[in-house]
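Read the structure below first, then the notes.
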Amino acid sequence: YAYRDRISAAGGGGRRDDSAYGFQDLIDEVADGIGSYLLHLEEGQRARVYDRYAGAEGTRWRELVQQVPARAGERARRAAAAAGDWTSLPPTLTGGGGSSSSGSRAFGGRRLLGGLGAAGVSSKSLSEALGWCEPPQNAPFQEPPTLPDGKPRLSFSACFESGNLAIAESSHPSQYTLWVDNDINTKGYTQWFYFGVRGAHRGLRVTFRIVNLKKSGSLFEMGMRPVVWSVKGRKGWRRGGSDVRYYPTDLRLRKGFHTLSYTYTFEHDDDTVFFAYHYPYTYTYLQEVLSVLSVHPYCGSLFQRETLCKTVAGIDCDVLTISRTTRDESLLSDAGSSASDSPAVACPFGGVVAATSGPRAVGSARGGKPLAVITSR
């Protein structure tokens, strides 16, 4: 650096010294070469402890994709049957009469559904009928190989619905470098991650670095943390981790990528812990939600559910036509309310809505309505 300063000073008079500038270029090349060599040594010291496409893991992935439609359908049928004790109607709210079910769970740190009943009327909320969008209970974990240092490593798993982890490497029992797979049908976009680990002891602090994320900016730079599910903790999905950082990955190592780094301290021995970018919401869980809403006496009157098509993966793509129906009007009449009076009724999404007057068409009402297609990565 002192030599570069002298070169700059010498060039300040406007006359270029080609030999001096040539030597500066040589210094730059040497410095870059040393940096690349050090990175190469660092990579050489890391041992691969998880590979999504190696051995049995790759076979499990193909089987998992084939099982999703049948499993989602069965889970949806069970969820709808379990929700059979919905109250017949959310009654008209009178001053201070509405109340939320105290048993409702929080979903992602917020209430998913309030109760449906008025004072003194118990009812089941959707969150009570479905519970969390939980990680798999029997996810297969890929046991890590024995490394030269002889120290144990965590076992990883991402072979489950919505899971995403391609490779995990470790240079130390408390440090892991991770790569995630591309989002489907994109030109290399990577952002979503969802994986599980096990094999830690209580108090172990582990730093995870996901090094191939594409977004140049992230809420992780502004205080957001990954979501964490501890099986033994039994608290559901919670924001967790510490020392969260989001920064450009070293360009000599991975050009154009960014790194998410965070540290997690395990709270239980032999716990299974899942980490995700945000609260998971799988296709199977979506089917459960729609099936439960369809059999609800109020919610089911507000939309029609049909199959638009099959996706490239062979699963049903639902289309929902959201429209007030004559069934909704009859429910309001049974409660002693006139639709023209626009009574306030308890909405199962935790609020109060006013019933609009006049029935609307029943049946396939898509004609003339705009069609919004919602997809996920």
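These values consider heavy atoms only, across backbone and side chains, with no hydrogens, waters or symmetry-generated copies.
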Is a side-chain N or O of T259 found less than 3.5 angstrom from the main chain of R209, in a donor-acceptor match?
no
Check your understanding: Hey, is the main chain of D318 close enough, under 3.5 Å, to the side chain of D316 for a donor-acceptor pair?
Key -> no
Problem set entry | N/O donor-acceptor pair under 3.5 Å between T321 side chain and F303 backbone | no
E161 (side chain) donor-acceptor with Y283 (main chain) under 3.5 angstrom: yes
Correct closest heavy-atom pair for W179 and L165 would be O-CD1, 3.5 Å
Original post:
With a cut-off of 6.0 Å (strictly less than), are more than 12 heavy atoms of other residues, nucleotides or ligands near CZ of R198?
Top reply: yes
Interatomic distance, CZ@F195 vs OG@S157, rounded to 0.5 Å, equals 11.0 Å
### Task
Evaluate salt bridge (Lys or Arg N to Asp or Glu O under 4.0 Å) for R225 paired with D243, printing each intermediate quantity in order.
CA-CA 9 Å; R225 297 181 294 168; D243 301 327; over 6 Å; no
- Between N164 and D181, is there a donor-acceptor pair closer than 3.5 Å when you use the side chain of the first and the backbone of the second? yes
So CG of D271 and NE2 of H201: to nearest 0.5 Å the spacing works out to 13.0 Å
Check: Is the shortest heavy-atom distance from the side chain of Y285 to the side chain of Q287 under 4.5 Å?
Finding: no
Margin query: Quick one: does any side-chain atom of K232 pair with a main-chain N or O of D269 as donor and acceptor, under 3.5 Å?
Written below: yes
Should Y53 and I210 be counted in the same cluster of Ile, Leu, Val, Met, Phe, Trp and Tyr side chains packed under 4.5 Å apart? no
Residues S291 and A76: closest non-hydrogen pair is OG-CB, 3.2 Å
One should read off an interatomic distance between H268 NE2 and D270 CG, to the nearest 0.5 angstrom, of 12.0 Å
Report yes or no: do V289 and I315 belong to one cluster of Ile/Leu/Val/Met/Phe/Trp/Tyr joined by side chain heavy-atom distances under 4.5 Å? no
For P145 and V49, the nearest pair of non-hydrogen atoms, with its separation, is CD-CA, 4.0 Å
Distance col, row L147:CG vs S171:OG, nearest 0.5 angstrom, shows 10.0 Å
Notebook entry, point to check: Are D183 and K214 within salt-bridge range, i.e. N to O under 4.0 Å?
Noted result: no
* Asked: Do the side chain of N212 and the main chain of V180 share a donor and acceptor less than 3.5 angstrom apart?
  -> yes
Worked check of side chain to side chain contact (heavy atoms under 4.5 Å, CB included) between L320 and L290:
CA-CA 9 Å; L320 307 180; L290 294 179; 3.7 Å; yes
Under 4.0 Å between a side-chain nitrogen and a carboxylate oxygen: does that hold for D149 and R153?
yes
inquiry  = Other residues, nucleotides and ligands only: do more than 12 of their heavy atoms fall within 6.0 Å of CZ on R305?
reply    = yes
(Q) Between F275 and F193 (judged by ring centroids, cut-off 6.0 Å), do the two rings come close enough to count as a pair? (A) no
H296 side chain to C299 main-chain N or O, any donor-acceptor pair under 3.5 Å? yes
Minimal heavy-atom distance between C159 and L64, with the atoms involved, is C-CD2, 3.9 Å
Report the relative orientation of the aromatic rings in H258 and Y246; use parallel for angles under 30°, tilted for 30 to 60°, perpendicular for over 60°.
parallel
- Query: Taking 4.0 angstrom as the limit, do R77 and E74 come out as a salt bridge?
  - Reply: yes
*asked:* With a 6.0 Å cut-off on the ring centroids, do F160 and Y194 count as close?
replied: yes
Closest non-hydrogen contact found for P135 with W237 is CG-CZ2, 3.6 Å
The reported gap from OH in Y247 to CG in L213 (rounded to nearest 0.5 angstrom) is 10.5 Å
Single-linkage hydrophobic cluster, 4.5 Å side-chain cutoff, M224 and W229 together | yes
Indicate yes or no for a side-chain donor-acceptor contact from W192 to the backbone of S162 under 3.5 Å, with no hydrogens or angles considered.
yes
S155 and P144 have their tightest heavy-atom pair at OG-CD, 3.2 Å
Answer yes or no: is there a side-chain heavy-atom contact under 4.5 Å between D250 and V211? no
The single option from E169, E57, Q142 that satisfies side-chain hydrogen bond (donor to acceptor under 3.5 Å, both in side chains) with Y50 is E57
Name each donor-acceptor pair under 3.5 Å that joins a side chain in residues 260-267 to protein atoms two or more places apart or in another chain, with its distance.
residue: T263; atom: OG1; partner: T207; partner atom: OG1; Å: 3.0

Would you say the ring centers of F220 and Y277 fall short of 6.0 Å from each other? yes
d(L154 CG, E143 CD) to nearest 0.5 Å is 10.5 Å
When you measure from the side chain of S170 to the backbone of A47, do you find a donor-acceptor pair of N or O atoms at a distance under 3.5 Å? no
Self-check item: Test log, rule side-chain hydrogen bond (donor to acceptor under 3.5 Å, both in side chains), inputs T190 and N182
Solution: CA-CA 5 Å; T190 50; N182 299 337; 5.2 Å; no
Original post:
Side-chain heavy atoms under 4.5 angstrom apart, residues restricted to Ile, Leu, Val, Met, Phe, Trp, Tyr: same cluster for V231 and V273?
Top reply: yes
